[in-house]
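Here's the structure we're looking at; comments come further down.
Here the structure is a predicted model, which means the values were calculated and not measured.
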Amino acid sequence: MSAVQDGFDETADVVVVGSGGAALAAAYTAASGGLSTVVLEKTEYFGGTSAYSGAGIWLPGNQVLERAGLPDSVELGKEYFKAVVGNRTPASLQEAFLSTGPELVEFLENDPVLRFQYMPFPDYFEAPGRIEGGRGIYPVPLPSAELGPWLDLLRPPISTDQYGVDQDRETLIGGQALIGRLLLALDATGDASLRTGTRMTSLITEDGRVTGVVVETENGTRRIRAERGVVLAAGGFECDDELRARHHGLPGGRWTSAAPGSNTGDALAALREAGAAVDLMDEAWWCPATLFPNGRAAFTLGLRGGILVNAAGERFANESLPYDRMGHEILRGQSTGTSHIPAWFVFDDRFDNIPAISQPVPDPAAFREAGLWRTAGTLAGLAGLIDVPAEALEKTVERFNGFAESGVDEDFHRGEDPFDRFFAAGEGPNPCLIPLERGPFHAVQIVLGDLGTKGGARIDEDGQVLNESGTPIPGLYAAGNSAASVAGHVYPGPGTPLGSGMVFGYRAARRMVSQERA
């Protein structure tokens with residue numbers, strides 16, 4: 001990085017806005033290729049939503065899967081992806097994503113700091129090309145002592161950051177390990193400047209080309225020139241209530257998102273100002289979420305018991321569906337006239353906490369005090385507490401208990417898919433169907449949450465941002481949730497957001513490495 005005299009305060013080859021998996025993959029690729037790279041993070045921590053995540057990375061046919069002995073390939077991945085995504089996104093974009101995955105993993109693992117392992121977690125749809133046990137890869141856990149001073153700059157886990165629950169950080173796993181490893185690798189290149197507390201406020205355009213950014217720091221405004229390009233990978237607009245209301249038109253707001261509160265659409269505003277075309281603005285990576293006493297809603301998955309009922313006191317979906325698919329089922333209620341927002345998670349007294357995975361784990365006493373956990377000795381009594389018809393709830397439970405006895409969910413086929421059974425905790429003919437018969441009965445409020453929005457800039461195969469006519473805007477790239485997802489309206493498997501974001505960050509930086517200076 002160097003100072004200049006042409007109206008800019010400094011110059012770099014590449015400026016990356018954001019610091020999650022997609023952003024750091026782009027920055028690492030650029031810096032490894034010898035380009036001077038500036039990473040801009042507006043908060044005090046690096047990592048974004050990626051630091052909260054389980055850090056699954058969905059890239060079919062890569063060498064980590066091969067090491068684990070999985071019979072996977074890029075061609076199988078293409079077959080599966082095409083079957084579930086269809087034609088909603090350009091075939092060329094799907095091809096670039098899937099064909100580049102193995103190359104990206106090989107490139108990253110050439111650095112001894114960047115290590116990944118396979119962990120079973122089923123793909124989310126029954127479709128041709130699906131691999132039994134899934135094809136997600138995850139970062140190898142990282143002893144926090146290896147991070148040194150970077151540990152204090154790594155965004156804490158979501159349970160700590162949003163709920164104030166202390167979590168052991170002696171060994172970093174999931175998103176903590178992914179971001180930690182990427183920070184170490186990026187720092188070791190010697191060609192990267194990583195900055196917190198630096199917010200991009202606008203892009204700088206000269207003769208139709210994006211040539212830099214304007215940023216706000218604690219020391220005032222600065223203009224940074226980007227000789228080869230700017231990569232916007234700063235998350236979506238999930239924590240801006242006005243944007244959510246405009247594009248989603250749903251009950252809820254920033255409190256329903258599992259993303260950091262700083263994800264307020266800065267990249268989207270800059271993209272639109274630059275003339276970018278956008279897509280999928282009504283979409284998100286949806287999920288059921290448990291409403292907590294602090295007013296936030298925590299991502300909830302892996303239901304091991306109980307049922308979900310809507311305002312009519314009736315089941316409306318297979319409760320064991322993958323989270324994004326269940327999110328879409330919750331959404332579907334908005335068009336039926338019977339709202340599923342909120343839904344109620346109803347279970348019996350065989351469970352001493354919600355029979356599902358939530359981070360953090362609910363404290364029943366605190367939930368009861370906040371009115372979010374309701375208990376009654378009978379189903380009719382519980383129905384009165386959650387304002388659903390008592391007769392309907394009793395019939396719903398009676399019918400479900402019959403399914404539990406027979407082992408067949410005739411209404412929604414719960415327990416028939418490998419994903420359903422991955423979390424099963426019951427016994428009998430169908431371990432996903434556990435009867436509700438041991439009073440007292442409990443209900444916890446479930447709302448529609450998300451892991452981030454999906455709408456953003458249309459991009460080409462190299463992450464170049466496209467204008468309304470489909471022409472790339474010179475010098476401007478987008479990746480992660482700042483770009484419209486290659487997955488369209490669906491969530492194919494564990495790690496699709498990170499996998500696709502990292503691929504297009506990598507492809508954008510690789511293109512800048514290979515090009516001549518502007």
Side-chain angles (χ1 to χ4, degrees), residues 20 22 48-50 53 56 58 81-91 93-94 97 123-125 232-259 263-269 271-272 276-289 297 299 301 317 321-336 340-341 447-459 463 465-466 478-501 503-504:
T49 309
S50 301
S53 73
W58 196 87
F81 201 81
K82 179 68 173 178
V84 300
V85 177
N87 298 318
R88 179 57 184 84
T89 59
L93 206 63
Q94 295 183 27
F97 163 47
D123 287 338
Y124 297 160
F125 291 85
L232 298 182
F237 57 88
E238 49 271 3
C239 294
D240 184 288
D241 288 347
E242 189 277 326
L243 288 172
R244 290 182 66 106
R246 184 193 314 169
H247 296 294
H248 295 160
L250 295 168
R254 73 187 73 183
W255 54 272
T256 63
S257 182
N263 287 15
T264 54
D266 294 6
L268 178 63
L271 287 161
R272 282 182 152 162
V278 297
D279 193 17
L280 295 168
M281 297 301 292
D282 60 341
E283 272 289 0
W285 304 98
W286 302 113
C287 63
F299 171 38
L301 77 158
L321 281 173
Y323 40 92
D324 183 72
R325 292 179 63 186
M326 176 54 80
H328 278 95
E329 292 297 333
I330 293 174
L331 267 174
R332 207 179 310 280
Q334 299 305 105
S335 62
T336 66
H340 306 338
I341 306 175
V447 298
L448 178 64
D450 66 74
L451 307 176
T453 49
K454 260 188 178 181
R458 290 183 181 270
I459 57 173
V465 173
L466 305 177
N481 287 351
S482 296
S485 174
V486 65
H489 291 301
V490 301
Y491 196 146
T496 304
L498 266 176
S500 57
V503 160
F504 288 110

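Taking the side chain as every heavy atom from C-beta outward, Thr49 and Leu451 never approach each other to under 4.5 Å. With a 4.5 Å cut-off on side-chain heavy atoms, Gln94 and Lys82 count as touching. Between Asp123 and Pro494 the shortest side-chain heavy-atom distance falls below 4.5 Å. You'll find the side chain of Thr453 reaches within 4.5 Å of the side chain of His248, heavy atoms only. Side chains of Ser500 and Trp58 form no contact here, defined as non-hydrogen atoms less than 4.5 Å apart.
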Does the side-chain contact (heavy atoms from CB on, under 4.5 Å) test come out yes or no for Val447 and Trp255, once each step is laid out?
-> CA-CA 10 Å; Val447 298; Trp255 54 272; 4.1 Å; yes

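For the residue pair Gly456 and Met281, the shortest heavy atom distance occurs at N-SD, 3.8 Å. Taking each heavy atom of Val465 and Ala457 in turn, the nearest pair found is CG1-CB, 4.0 Å. Between Ala22 and Gly501, the closest heavy-atom pair is CB-O, 3.3 Å. For the residue pair Thr256 and Leu448, the shortest heavy atom distance occurs at CB-O, 3.5 Å. Listed here is the closest heavy atom pair of Trp286 and Leu250: CH2-CD1, 3.7 Å. Taking every heavy atom of both residues into account, His489 and His328 meet most closely at O-CE1, 3.4 Å.
Between Cys287 atom SG and Leu301 atom CG the span is 8.5 Å, to the nearest 0.5 Å. To the nearest 0.5 Å, the span separating CH2 on Trp285 from OH on Tyr323 amounts to 9.5 Å. Interatomic distance, CZ of Arg88 versus CG of Asp279, reported as 4.0 Å (0.5 Å rounding). To the nearest 0.5 angstrom, Lys454 atom NZ is 5.0 Å from Glu283 atom CD. Going from atom CZ of Phe125 over to atom CZ of Phe81 covers 10.5 Å, rounded to the nearest 0.5 Å.
Salt-bridge formation is detected for the pair Asp450/Arg244: a Lys NZ or Arg NE/NH1/NH2 atom is positioned less than 4.0 Å from an Asp or Glu carboxylate oxygen.
Checking each of Leu268, Asn481, Asp266, Thr264 against Phe237 for a side chain to side chain contact (heavy atoms under 4.5 Å, CB included) leaves exactly one that passes, namely Leu268.
The main-chain N or O of Arg254 is found under 3.5 Å from a side-chain atom of Asp241 such that the two form a donor-acceptor pair.
For Glu242, the side-chain contact (heavy atoms from CB on, under 4.5 Å) partners at least two apart in sequence or on another chain are Asp240, Arg246. Considering only residues two or more places apart in sequence or on other chains, Phe504 meets the ring pair (Phe, Tyr, Trp, His ring centres under 6.0 Å) condition with none of them.
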